[in-house]
Amino acid sequence: MGTPRSSTSTCQKIPCCFAGFCRHPGGKNLSAPAWRSQCMHFRYGAPPVINPLGTHFPANATVRPSYNISITLSSAVQNTTFVNITTPAAGDWFIAAHLPEAAGRIEVKGFSTPCTYMFQADMFVLRLTDMPVLEPGVAMPQTIVSPAKPLHVKVFVPKYTARMWFELRSCMTSERKACTVRVVLGSITLPQSFQRIITCTGNVNCSVSLDSLPWEKWLQIMVESLGIANASVSLEMLASFTDCRPGSTSSFLNFSSLNQSQAGSGPGSPTPSTGMALRNTSDQRSFCLQNQPVVREDLDVVSVRYRLLNGPSVAVYSISPTLLLLNLNSGMDSGGSLVVNLLLNKTSLSQANATVVACVSAASPVLSLNTTQNCSTAFFQGYPLSLSTSSAEAMLIVLYPQTDDWFLSLQLICPKGQSECNTAEAKVTVIAYLTPCFNDCGPYGQCSLLRRHGYLYAGCSCKAGWSGWSCTDDTKAQSVGAQNLATLLLTLSNLMFLPAIAVAVYRYYLVEASVYTYTMFFSTFYHACDQPGIAVMCIMDYDTLQYCDFLGSVVSIWVTILCMSRVKKILKYVLFVLGSLLIAMSLQLDRRGVWNMMGPCLFALIIMISAWVYHGVKRRHCYPSSWKRWVFYLLPGITLAFIAISVYAFMETNENYYYTHSIWHVLVAGSVAFLLPPRDKHKKPWAWSQKLTCRYQICQNDREELYAVT
């Protein structure tokens, strides 16, 4: 959401609504005291950088806490919270809300009630009309009607403004008494607000000086009376600016031509090459800054490279700062990370004890740098950097940079005073770029571009226990040994299907043995490809392996139960094929649906129970009739199957997945070996002695029990 670009809004009321009530995934009840209070984060100009899990950020990353408020979640269907922001800055405002951390339990889809939340933010803006415009250098008389109605004016800050002097004079009440007023300069920007507030008392002129104001923007000024309720206040306001003269250039390029390459205005004209940069010290003293032309190159979505036209190295002097413009005004640039890398050429530094001080700031440049300054402008806290012979490299990572013009100021500072630096020079290599994810989230993360309500931003999805903004936090990371162990357990546990395959082949269930072989193969290589760490091997596309693994698992259960039912062969094989086709269709529609496995199981169990009842009624005794079959085969197989289902449905979590799922493999494969029925009575075991070597073959007729020699 955003406010108008012209600073005329005075009140921004944002109601934020949470709707929905259920149990949080993982079984935690949101009505419990630990889950009642949730945070909502606000930020001006860019999405808020939040860290609800307390993970680590990458080195050299600057993190400033976001402005947040607590929202109390009750058992009501809808919870509404109002946030009132007076005199907000014009531009884009961002709100972020998040759910509590889940318990990490892997739940089967359909076994638990889904927890649905809806977050809706509505903005209501109260705007001022006909706001007076304060002209520079012209005193403007104004009247404050009452303390309940403060006076709002605005003044436009032109380009190359170094300083503004604001003065309030001739303040008097309607009763001809000394007045007391409060002056607020600037707008509210969250999470940090740098409004300048002064209180003026009496008839004495009241003034304030502001350095490094935002160029080519409107500055809001609010004056409110602190006197009695019924008295009006009359006063005069005066604003004057001190201009900054940018460095001249003899290059054929000028800064206006760069505006066609950069989608925004720059701080001045480009400087010439190093050999023609400054002719003498007197020329340097006449300039308040030296511009370096920078071209913005859009490489991809949220991916920008900044190229210096005069080469990667810039000359830095002590008289005036060297200034570079980094344009981040496209509207989609705030969803990435701005990286600025500085490298000092030690051989170019004539003064060994000198230091190159740098400052990265938004909206307005810092035009005077020293070792004690904290790199702050009138309404923004910048990011300081320093280079010296002992520390020749510095890096800055700005996460979710504010949408605005960013400036990089560099200046040479000498410890014994600027007199010894008048002729000194330093060469600094500047590498600046905007990337969706810093370092592409590293080897244990994946960079993802997310779109929410038309806005695009980037984030890292970490794996193998790594966490953090760029997947650099190894607090809970799995070691390489643990990753190899997880891969071996999940893959080698599928070898437990070998006994089931051997039993099926021995008992002449060749179709069932083929299905088990198919399941063992694809389950092994699916889990080898599904690993989050470095122990990964994919023999084909991941989605194909996953589909084949799911298909083989469900079909294995289907054919096993049908085999236990002991129906006629023709009917059994028809059910095999028809059920496999329906299972394949169901998995294509919803691969993780609970009925993909429950449906075939229940239908096959109905067929098996019906067949067993039919055999029992026909034979007039329990089926299967052998108590040994029940005690040594069916009951152990059913027990293993129930334990496997319990582990699969209720015990698996993200942390214990590699061994609980391996137990599932072992138990399911073991239950299949126990549950397979014995071979038909007319089938004899595999015996190679029955095959004659003199071209004679014993042929068996299953119906007539006759043998013929051919």
Side-chain angles (χ1 to χ4, degrees), residues 14 16-59 61-74 79-81 83 93-107 114-121 190-192 334-337 397-402 436-438 441-442 444-453 455 457-477 532 653-655:
I14 306 173
C16 301
C17 174
F18 280 97
F21 176 75
C22 63
R23 294 182 66 86
H24 184 269
K28 292 178 179 169
N29 196 333
L30 285 177
S31 62
W35 299 90
R36 285 178 183 172
S37 180
Q38 297 303 314
C39 285
M40 189 169 55
H41 304 263
F42 291 80
R43 189 183 176 190
Y44 165 74
V49 179
I50 61 178
N51 187 20
L53 302 181
T55 57
H56 298 165
F57 287 90
T62 59
V63 182
R64 291 172 180 171
S66 62
Y67 175 81
N68 61 80
I69 60 173
S70 296
I71 297 178
T72 302
L73 299 180
S74 64
N79 298 271
T80 305
T81 300
V83 180
W93 285 75
F94 294 84
I95 302 176
H98 62 87
L99 292 175
E101 182 184 10
R105 179 180 299 172
I106 301 176
E107 297 183 344
C115 195
T116 304
Y117 289 87
M118 183 184 68
F119 171 70
Q120 179 180 353
L190 300 178
Q192 291 177 302
S334 59
S337 297
I397 306 171
V398 182
L399 308 176
Y400 289 167
Q402 178 179 322
C437 303
F438 176 69
C441 299
Y444 292 99
Q446 181 180 2
C447 185
S448 303
L449 290 176
L450 309 174
R451 184 179 294 276
R452 294 291 186 273
H453 303 288
Y455 180 75
Y457 63 98
C460 288
S461 178
C462 305
K463 54 187 179 181
W466 291 74
S467 58
W469 191 268
S470 299
C471 300
T472 55
D473 188 350
D474 59 350
T475 305
K476 300 180 180 179
T653 64
N654 293 326
E655 295 181 355

Taking only residues two or more places apart in sequence or in another chain, which ones pass side-chain hydrogen bond (donor to acceptor under 3.5 Å, both in side chains) with [X]?
{"X": "T55", "value": "N51"}
{"X": "T475", "value": "D473"}
{"X": "T653", "value": "N656"}

Under the side-chain contact (heavy atoms from CB on, under 4.5 Å) test, residues paired with [X] that sit two or more places apart:
{"X": "D474", "result": "W466, A477"}
{"X": "C471", "result": "C441, C460, C462"}
{"X": "S470", "result": "P58, F438, T472"}
{"X": "P436", "result": "V302, S303, C447, L449, A458"}

Notebook entry, point to check: Considering residues at least two apart in sequence or located in another chain, which fulfil the ring-ring contact (aromatic ring centres under 6.0 Å, His included) criterion with W469?
Noted result: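 Checked W469 against ring-ring contact (aromatic ring centres under 6.0 Å, His included); matches are F57, Y400.
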Checklist line | Which residues share a ring-ring contact (aromatic ring centres under 6.0 Å, His included) with Y457, sequence neighbours left out | finding: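 Here no residue qualifies.
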Item checked: Inter-residue atom distance S334.OG - Q402.CD, 0.5 Å rounding ->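 Separation between the atoms: 9.0 Å.
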Notebook entry, point to check: With a 4.5 Å limit on heavy-atom distance, are the side chains of L399 and V63 in contact?
Noted result: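 Result yes, sub-4.5 Å side-chain heavy-atom pair found.
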Checklist line | Close side-chain approach of I95 and R43, heavy atoms under 4.5 Å | finding: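 With C-beta onward as the side chain, the pair stays apart.
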Next item on the list: Kindly give the heavy-atom pair with the smallest separation between Y455 and G335, and that separation in Å.
Entry: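 Looking at all heavy atoms of both residues, the closest pair is OH-N, 3.1 Å.
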Notebook entry, point to check: What about the rings of Y44 and F94, do their centers lie closer together than 6.0 Å?
Noted result: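 Not under 6.0 Å, so no.
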